[in-house]
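A quick write-up on the structure given underneath.
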2 protein chains.
Amino acid sequence: MTSPRRSGLGTNQEAVRRHNLGTLLRHLHGAGHMSRAELTSLMGLNRSTIAGLVAELESLGVSERAVPVGNVRQGAGRPSAGVRIAADGPYVVAVDLGVDRAVVARVGLGGRVLQRAQAPVHGEGEAWQVGSSVAALIRSVVADVPPVAPLVGIGISVPGMVRRSDGLIRLAPNLEWHDVSFGGIVLAALGLDIPVSLANDADLGALAEHRRGAGVGIDDLIYVSGNVGVGAGIITGGRRFEGAAGYAGEVGHLRFNPQGRPCHCGNRGCWETEVGAHAIAEAISCPADKVAQLDEVLEGFREPTPGLRDTGTALGQGLASIVNVFNPQVVVLGGYFRTLFPLVRAEVVAGLAERTLPAPLESVTLALPGLGSDSTLLGAAEIALEPLFVDPVAALGSALLDVRTALAG
Amino acid sequence: MTSPRRSGLGTNQEAVRRHNLGTLLRHLHGAGHMSRAELTSLMGLNRSTIAGLVAELESLGVSERAVPVGNVRQGAGRPSAGVRIAADGPYVVAVDLGVDRAVVARVGLGGRVLQRAQAPVHGEGEAWQVGSSVAALIRSVVADVPPVAPLVGIGISVPGMVRRSDGLIRLAPNLEWHDVSFGGIVLAALGLDIPVSLANDADLGALAEHRRGAGVGIDDLIYVSGNVGVGAGIITGGRRFEGAAGYAGEVGHLRFNPQGRPCHCGNRGCWETEVGAHAIAEAISCPADKVAQLDEVLEGFREPTPGLRDTGTALGQGLASIVNVFNPQVVVLGGYFRTLFPLVRAEVVAGLAERTLPAPLESVTLALPGLGSDSTLLGAAEIALEPLFVDPVAALGSALLDVRTALAG
DNA sequence: CCGTACCGATCACTCGCACAACAATTCTCG
DNA sequence: CGAGAATTGTTGTGCGAGTGATCGGTACGG
């Protein structure tokens with residue numbers, strides 16, 4: 001479900017055109033609306049070349065002309081005609097699979113959420129049950145999509161380890177899933193056969209924050225997601241760090257306190273036993289059945305408890321290992337850390353400074369997600385959109401038109 | 001001293017030619033000797049195109065025709081004329097700066113070591129003293145280079161943290177250097193002005209093992225270097241993982257045992273206090289003044305001592321964190337681990353299996369360096385050669401001809 | 001011994017981008 | 001208020017890079 005990696009191939013002219021068209025669309029996707037003049041300077045190509053590429057995108061129905069937008073005019077000269085994302089252009093379906101709920105959205109280019117729906121899913125539900133719930137949500141978000149708009153694919157964020165080669169969910173501890181082909185289940189429930197991409201939620205959070213959130217323009221960032229488990233998504237050099245099989249970023253099981261609590265992985269004192277949802281809940285004496293609503297509970301606090309302060313210190317100290325090892329420019333704190341961090345910022349920063357080496361410490365910043373709780377959902381949209389940026393013509397050629405009819409038939 | 005990162009630029013025809021010429025040379029560098037037919041299928045380009053590129057490389061003096069090499073003929077047909085690296089072609093100078101000695105080599109394309117020299121350097125020597133020793137070694141390895149052979153640049157492997165933006169050595173604990181511009185020092189001692197690239201030794205070990213050692217064809221590997229400190233070099237997706245400023249891979253300070261020995265970084269129980277050279281020396285009761293010769297001492301053992309077994313277990317358990325976080329396909333054990341690992345293989349494997357998550361564990365392999373103790377030296381050569389693969393014409397255009405005269409004048 | 005297979009060399013062809021000239025539009029300065 | 005400067009879109013031309021077909025050369029195999 002993911003394209004194989006490129007080898008040391010040569011480049012021919014066809015590839016040049018594909019690459020340039022895809023890069024132009026990537027820029028448009030990033031900015032949403034821009035002038036041809038901006039594109040010219042960004043891509044370093046000739047004006048005429050940009051004009052040709054823009055014309056091709058328009059004929060593909062991806063972009064449309066816009067009036068010379070009345071933004072700040074910085075100088076003399078003929079105003080540059082705008083290029084903007086077409087209203088009925090290509091879109092994807094993004095699925096954010098959580099432990100207790102699923103969020104589904106129809107997302108267009110530019111990361112615009114066009115429709116959204118969500119529903120609770122049972123914690124220990126069978127995969128096929130969850131799959132049919134998700135399929136129902138997908139049907140609802142595409143209920144009033146215009147027939148001319150092409151569906152490029154589906155992206156799914158999973159709270160677990162996803163094998164890159166085929167998108168198989170190897171292990172989702174909190175869903176109690178082992179080796180589930182969730183992409184196939186959803187497609188079967190829909191009766192469709194379109195591209196489906198799956199990836200780990202933290203990886204997708206990192207991707208979305210890099211493209212549209214707190215990490216725009218930052219090529220080396222880490223998104224640390226605090227939920228029941230703790231995971232990290234890594235962006236390096238502007239690319240996703242996936243590892244050999246797609247499992248990279250399992251920072252939750254870093255050795256933190258060999259005398260600590262037992263972890264479900266079989267060891268003791270893994271970092272996530274000190275800063276995961278259960279540890280946070282314990283620090284604020286939150287009853288076990290309210291751990292799923294930990295966000296709301298945490299928001300009730302104006303001052304941290306001593307237990308929370310300790311959790312904050314542990315969070316900072318664990319982040320120190322991550323910063324030492326990855327040397328990121330920004331660390332984005334997602335999941336429950338998003339509400340925890342503002343409460344115990346001082347302790348986190350102190351724990352980080354205490355254990356990080358001077359050189360990597362001086363260039364790192366801690367940040368909250370710029371996309372709030374939508375990071376993973378928008379990350380799922382990004383991986384589904386990706387084929388458009390590699391080869392727009394091919395991706396649109398294989399996209400699905402008139403989804404409502406296809407779903408009805 | 002390192003080229004800036006590429007942004008989302010477009011591709012023009014000039015870039016295509018550069019890229020194809022560089023890619024062809026990269027293949028030739030990897031295989032040393034190949035037929036045009038192989039190049040055709042590897043790069044996916046037309047025969048005529050390959051012929052044109054090969055002709056250009058020949059006119060640049062980089063490659064030369066070889067007789068249809070008498071290797072295994074797999075089928076009928078006219079034998080494909082060979083392409084091989086030119087005898088008097090471009091070369092680089094590689095420097096492996098160790099704690100107690102420096103190795104300098106003249107290295108040609110294909111990673112061939114053409115000349116080599118080494119000398120002891122004082123542990124706490126001033127940087128300029130070490131620089132002039134290295135300069136003398138460089139003079140000796142280029143003493144009988146033919147005048148027509150161009151010198152592309154110098155690559156230096158450093159046992160410390162190197163800032164990527166300018167090659168500044170931020171910290172080399174065992175040399176007791178802070179913020180040393182060693183590249184500039186060496187150039188000044190030589191009286192030359194040519195490109196110098198510096199990088200961390202573990203990073204370069206990883207690069208060399210990926211290109212020419214135990215990791216050929218492996219796109220996700222980690223080279224863990226055990227010396228006085230412990231560091232890691234990471235290759236992901238076939239690229240170096242450097243982090244925002246170049247400091248990525250500092251695994252030696254991963255938290256291992258919070259009640260453990262104090263580390264020079266100010267914390268307690270960092271992993272390198274358990275598996276670094278001093279810990280190994282302690283495990284075998286090696287006197288402190290022989291730590292520099294730990295390799296030879298270790299080679300004297302046929303059976304591991306109980307202390308070494310414990311070190312092996314700690315090594316495996318620490319590697320587990322690395323495997324969980326990076327999900328590599330291969331972990332190469334360099335430095336002192338190269339002699340330690342065969343002694344305590346069982347303990348390392350057991351420690352790794354005990355603490356690694358099942359999914360990343362199933363795809364990882366432990367390996368010894370395919371290049372022996374030359375990994376870092378050849379990695380230094382690789383970064384110096386890199387400009388040739390990005391743009392052969394430009395790199396050769398700015399290369400230095402007739403080095404002997406330039407050094408004399 | 002001859003047919004087949006494979007490779008190198010050559011040349012016309014296609015395609016994509018760069019360049020130059022011109023038109024359109026706005027700003028600025030006198 | 002008007003002319004020139006500045007910037008951008010448009011169009012046609014040219015260059016360069018890779019493609020594809022053809023021919024000739026060399027080896028293998030029956």
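Chain letters run A, B, ... following the sequence lines, proteins first and then strands; every chain starts at 1.
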Rounded to whole angstrom units, what separation is found between the [atom1] atom of [X] and the [atom2] atom of [N]?
{"X": "Arg36(A)", "N": "dT11(D)", "atom1": "CZ", "atom2": "P", "answer": "10 Å"}
{"X": "Leu53(A)", "N": "dT10(D)", "atom1": "CG", "atom2": "C1'", "answer": "15 Å"}
{"X": "Glu14(B)", "N": "dG18(D)", "atom1": "CD", "atom2": "C1'", "answer": "16 Å"}
{"X": "Met43(B)", "N": "dA17(D)", "atom1": "CE", "atom2": "P", "answer": "14 Å"}
{"X": "Glu38(B)", "N": "dG8(C)", "atom1": "CD", "atom2": "P", "answer": "11 Å"}
{"X": "Leu24(B)", "N": "dG18(D)", "atom1": "CG", "atom2": "P", "answer": "11 Å"}
{"X": "Glu58(B)", "N": "dG8(C)", "atom1": "CD", "atom2": "C1'", "answer": "12 Å"}

Legend entry - side chain to side chain donor-acceptor pair (under 3.5 Å) contacts in which one or both residues fall within residues 390-402 of chain B, not counting sequence neighbours: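 Matches after skipping sequence neighbours: Asp402(B)-Thr405(B).
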
Tell me whether [X] contacts the main-chain N or O of [Y] through its side chain, where contact means a donor paired with an acceptor under 3.5 Å.
{"X": "Ser80(A)", "Y": "Ala37(A)", "result": "yes"}
{"X": "Thr236(B)", "Y": "Phe241(A)", "result": "no"}
{"X": "Asp88(A)", "Y": "Val148(A)", "result": "no"}
{"X": "Arg164(A)", "Y": "Ala244(A)", "result": "yes"}
{"X": "Thr49(A)", "Y": "Leu45(A)", "result": "no"}

Listed pairs under 3.5 Å, donor-acceptor, residues 209-218 of chain B side chains, sequence neighbours left out:
| from | atom 1 | to | atom 2 | distance (Å) |
| --- | --- | --- | --- | --- |
| Glu209(B) | OE1 | Ala214(B) | N | 2.7 |
| Glu209(B) | OE1 | Gly370(B) | N | 2.8 |
| Glu209(B) | OE2 | Gly370(B) | N | 3.3 |
| Glu209(B) | OE2 | Leu371(B) | N | 3.1 |
| Glu209(B) | OE2 | Ser375(B) | OG | 2.6 |
| His210(B) | ND1 | Ile218(B) | O | 2.8 |
| Arg211(B) | NH1 | Glu382(B) | OE1 | 2.6 |
| Arg211(B) | NH1 | Glu386(B) | OE1 | 3.4 |
| Arg211(B) | NH2 | Glu386(B) | OE1 | 3.1 |
| Arg212(B) | NE | Gly110(B) | O | 3.4 |
| Arg212(B) | NH1 | His29(B) | O | 3.3 |
| Arg212(B) | NH1 | His29(B) | NE2 | 3.1 |
| Arg212(B) | NH2 | His29(B) | O | 3.0 |
| Arg212(B) | NH2 | Gly110(B) | O | 2.7 |

Legend entry - DNA chain C-proximal residues of residues 44-52 of chain B, any heavy atom under 4.0 Å: Arg47(B), Ser48(B)

Inset, instruction - Tell me which nucleotide among dT8(D), dT10(D), dG8(C) gets nearest to the side chain of Ala37(A). - result: dT8(D)

State whether [X] places a side-chain N or O below 4.0 Å from either non-bridging phosphate oxygen (OP1 or OP2) of [N].
{"X": "Asn20(A)", "N": "dG16(C)", "result": "no"}
{"X": "Arg17(A)", "N": "dC17(C)", "result": "yes"}
{"X": "Ser80(A)", "N": "dG9(D)", "result": "yes"}
{"X": "Asn12(A)", "N": "dT19(D)", "result": "yes"}

Legend entry - Donor-acceptor pair under 3.5 Å, Gln13(B) side chain vs dG16(C) base: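 Under the 3.5 Å cut-off, the side chain and the base do form a donor-acceptor pair.
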
Inset, instruction - Could you name each residue pair satisfying salt bridge (Lys or Arg N to Asp or Glu O under 4.0 Å) that touches residues 40-51 of chain A, not counting sequence neighbours? - result: none

Inset, instruction - Select base, sugar-phosphate, or nothing to describe what Arg18(A) touches, counting heavy atoms under 4.0 Å on all strands. - result: nothing

Legend entry - Most 5' of Val16(A) and Arg65(B) on DNA chain C, judged by nearest nucleotide: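 With Val16(A) and Arg65(B) compared, the 5'-side residue is Arg65(B).
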
Inset, instruction - Would you please name every residue forming a salt bridge (charged side-chain N to carboxylate O under 4.0 Å, His left out) with Glu58(B), sequence neighbours left out? - result: none

Inset, instruction - Would you check if there is a donor-acceptor pair between the side chains of Asp144(B) and Gln115(B) at a distance under 3.5 Å? - result: yes

Kindly give the atom pairs (protein nitrogen or oxygen, nucleotide nitrogen or oxygen) under 3.5 Å for nucleotides 3-6 of chain D.
| from | atom 1 | to | atom 2 | distance (Å) |
| --- | --- | --- | --- | --- |
| dA6(D) | N3 | Gly77(A) | N | 3.4 |

